[in-house]
Amino acid sequence: MKVIYMGTPDFAVPCLERLVKENFDVVCVVTQPDKPKGRKQELAPSDVKVKALALGLEVYQPSTLRTQEAYDYLSKFEPDYIIVAAYGKILPKNILDLPKYACINVHGSLLPKYRGAAPIQRSVLAGDKVTGITTMLMNEGLDTGDMLLKSEYEIDINATAGEVFDALAQSAPDLLMKTIEMYTKGEIIPEKQNDADSTYAAMLSKDEAVIDWSRSALHIHNLVRGMSPWPVAYTCLDGKKLKIYSSCLTNEKTTLQVGKVKEDKDSILVACGDGMLLSLTSVQLEGSKRMDAKSFLLGHKIDTIGK
RNA sequence: CGCGGAGUAGAGCAGCCUGGUAGCUCGUCGGGCUCAUAACCCGGAGGUCAUGUGGUUCAAAUCCCAUCUCCGCAA
């Protein structure tokens with residue numbers, strides 16, 4: 001079974017590994033071009049590229065698939081399937097029609113909810129209790145294709161987007177294998193998405209990561225979780241940026257003003273808009289390293305946060 | 001040459017501007033108090049102040065130079 005695999009971030013790595021392990025003939029791995037990363041702006045390969053090279057697979061990194069050149073290149077492989085997981089580009093019709101069986105996408109949400117770039121983060125951000133993975137037949141729209149299989153995943157109240165990401169990435173290969181096997185045998189009836197129920201999960205931006213302490217503790221907690229490990233929710237402390245990596249809900253009420261920090265030996269307890277205290281458990285001040293609340297408090301006095 | 005912050009005891013920080021015996025909180029060790037305690041009191045140990053057999057100086061954690069490492073912004 002010849003497969004072209006398309007994916008970019010770490011989320012897409014486990015599925016690629018499984019395909020190789022299950023003896024699919026992965027004839028080509030398509031991933032985004034290397035992009036500048038880090039302080040020095042050095043070009044860095046995608047996670048999928050790194051894994052593909054380690055597995056000795058052919059890698060293709062076009063800036064767009066909408067060229068004759070890209071089509072010619074990929075068509076010569078005569079794939080049975082094209083498997084796509086968080087690749088980051090929409091495939092043109094001629095490439096969608098390329099494989100003998102289908103173009104299958106592995107998406108990190110229970111469609112039609114959270115179509116788009118950041119389904120998992122949006123789900124955590126919204127405080128959802130359940131999310132999951134959907135496999136679908138791809139079409140020219142953005143995650144609008146007919147659905148094949150789903151698996152659900154329960155989100156812990158304290159799980160960060162990164163943790164849910166990892167969990168879903170680990171469970172994705174099972175669903176993918178099952179999907180390919182059943183679809184090849186004609187055992188799945190593709191199900192149309194109900195567009196009326198669909199929502200769009202836009203990419204996260206840093207503008208959304210700033211904490212508004214007048215919101216409820218739960219809202220802020222979800223923001224912190226959803227923005228971790230990127231771009232990371234932040235606030236200000238004495239004019240410096242303070243990133244909040246994780247927090248913990250308390251059931252303590254307070255009469256302190258919004259943004260005031262309750263004096264405590266080993267917890268950073270901040271008064272939120274709904275009068276509840278939110279405990280910040282992992283923080284990082286500009287120029288300094290990430291540390292837990294207790295360590296942070298050994299060297300810092302905090303009275304008010306957010307300015 | 002993108003901009004900026006930082007490296008001081010096991011941990012987190014102050015001291016540096018205005019050079020002159022290195023300090024705070026926590027931890028750790030010992031003792032005390034207590035029915036008891038992660039609480040409280042007393043005491044101790046622990047640091048070539050990132051590196052440079054660098055420069056200036058009577059004297060450098062502090063001023064100057066070089067290097068390494070970490071971090072924020074930017075992407």
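Below, each value reflects all heavy atoms present in this structure, side chains not excepted, and no hydrogens, waters or symmetry copies. Just so we're on the same page: letters track the sequence lines, and every chain starts at 1.
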Chemist: Atom CD of residue position A:Glu187 - does it have more than 12 heavy atoms of other residues, nucleotides or ligands inside 6.0 Å?
Modeler: yes
Chemist: May I have the distance from A:Leu298 (atom CG) to B:rC24 (atom P), rounded to whole angstrom?
Modeler: 15 Å
Chemist: When the P atoms of B:rG5 and B:rU48 are compared, how many Å lie between them, rounded to an integer?
Modeler: 28 Å
Chemist: Is it the case that the side chain of A:Gln193 and the backbone of A:Gly145 share a donor-acceptor pair, with hydrogens and angles ignored and the cut-off at 3.5 Å?
Modeler: yes
Chemist: Would you say A:Ser295 places a side-chain N or O within less than 4.0 Å of OP1 or OP2 belonging to B:rG27?
Modeler: no
Chemist: What are the two closest heavy atoms between A:Ala70 and A:Thr64, and how far apart are they?
Modeler: CB-O, 4.0 Å
Chemist: Between B:rA60 and B:rC24, how many Å separate the two P atoms, rounded to a whole number?
Modeler: 24 Å
Chemist: Considering only atom P, compute the distance from B:rG23 to B:rU28 and round it to an integer number of Å.
Modeler: 22 Å
Chemist: Can you tell me how far C1' in B:rG72 sits from the matching atom in B:rC33, rounded to whole Å?
Modeler: 48 Å
Chemist: Any sub-3.5 Å donor-acceptor pair from A:Ser198's side-chain atoms to A:Asp195's backbone N or O?
Modeler: yes
Chemist: Report yes if the side chains of A:Leu280 and A:Leu278 come closer than 4.5 Å at any heavy-atom pair, otherwise no.
Modeler: yes
Chemist: Write down the partner of B:rC35 under the Watson-Crick or G-U wobble criteria, each distance required to be under 3.5 Å.
Modeler: none
Chemist: Rounding to an integer number of angstrom, what distance separates B:rU62 and B:rG19 when you compare their C1' atoms?
Modeler: 6 Å
Chemist: Under a 3.5 Å limit for both distances, which nucleotide forms a Watson-Crick or G-U wobble pair with B:rA6, could you say?
Modeler: B:rU69
Chemist: Just to confirm, is there a sub-4.0 Å distance from OP1 or OP2 of B:rA74 to any side-chain nitrogen or oxygen of A:Lys206?
Modeler: yes
Chemist: Separation of A:Leu285 atom CG from B:rG7 atom C1', in whole Å?
Modeler: 15 Å
Chemist: Can we say A:Glu191 and A:Lys150 salt-bridge, meaning some charged N sits less than 4.0 Å from an Asp/Glu carboxylate O?
Modeler: no
Chemist: Between P on B:rG12 and CD on A:Gln284, what's the gap in Å once rounded to a whole number?
Modeler: 13 Å
Chemist: Could you tell me if A:Lys243 sits above the aromatic ring of A:Tyr234, with its cationic atom closer than 6.0 Å to the ring centre and no more than 45 degrees from the axis?
Modeler: no
Chemist: Expressed as a whole number of Å, how far does the P atom of B:rC16 sit from that of B:rA11?
Modeler: 23 Å
Chemist: Please give me every residue in residues 230-244 of chain A whose heavy atoms get under 4.0 Å of an atom in RNA chain B, ordered by residue number.
Modeler: A:Lys241, A:Lys243
Chemist: Let me know the distance between NZ of A:Lys35 and P of B:rA75, rounded to the nearest Å.
Modeler: 14 Å
Chemist: Using the C1' atoms only, state how far B:rC41 lies from B:rU51, rounded to an integer number of Å.
Modeler: 43 Å
Chemist: Using both distances under 3.5 Å as the test, list the Watson-Crick or G-U wobble partner of B:rC24, or none.
Modeler: B:rG12
Chemist: Which value, in whole Å, describes the distance between the P atoms of nucleotides B:rC42 and B:rU25?
Modeler: 11 Å
Chemist: Without decimals, in angstroms, what is the distance between A:Lys294 NZ and B:rU25 P?
Modeler: 15 Å
Chemist: Where the side chain of A:Lys289 is defined as all heavy atoms beyond and including C-beta, which of B:rC70, B:rC71, B:rA75 is the nearest nucleotide?
Modeler: B:rC70
Chemist: Whole-Å distance between B:rC71 C1' and A:Met291 CE?
Modeler: 10 Å
Chemist: Rounded off to whole Å, could you give me the CZ-to-P distance for the A:Arg290 and B:rC71 pair?
Modeler: 12 Å
Chemist: When the distance from CZ of A:Phe296 to C1' of B:rG27 is rounded to whole Å, what number comes out?
Modeler: 19 Å
Chemist: Tell me whether the rings of A:Phe11 and A:Phe165 are parallel (<30°), tilted (30 to 60°) or perpendicular (>60°).
Modeler: perpendicular
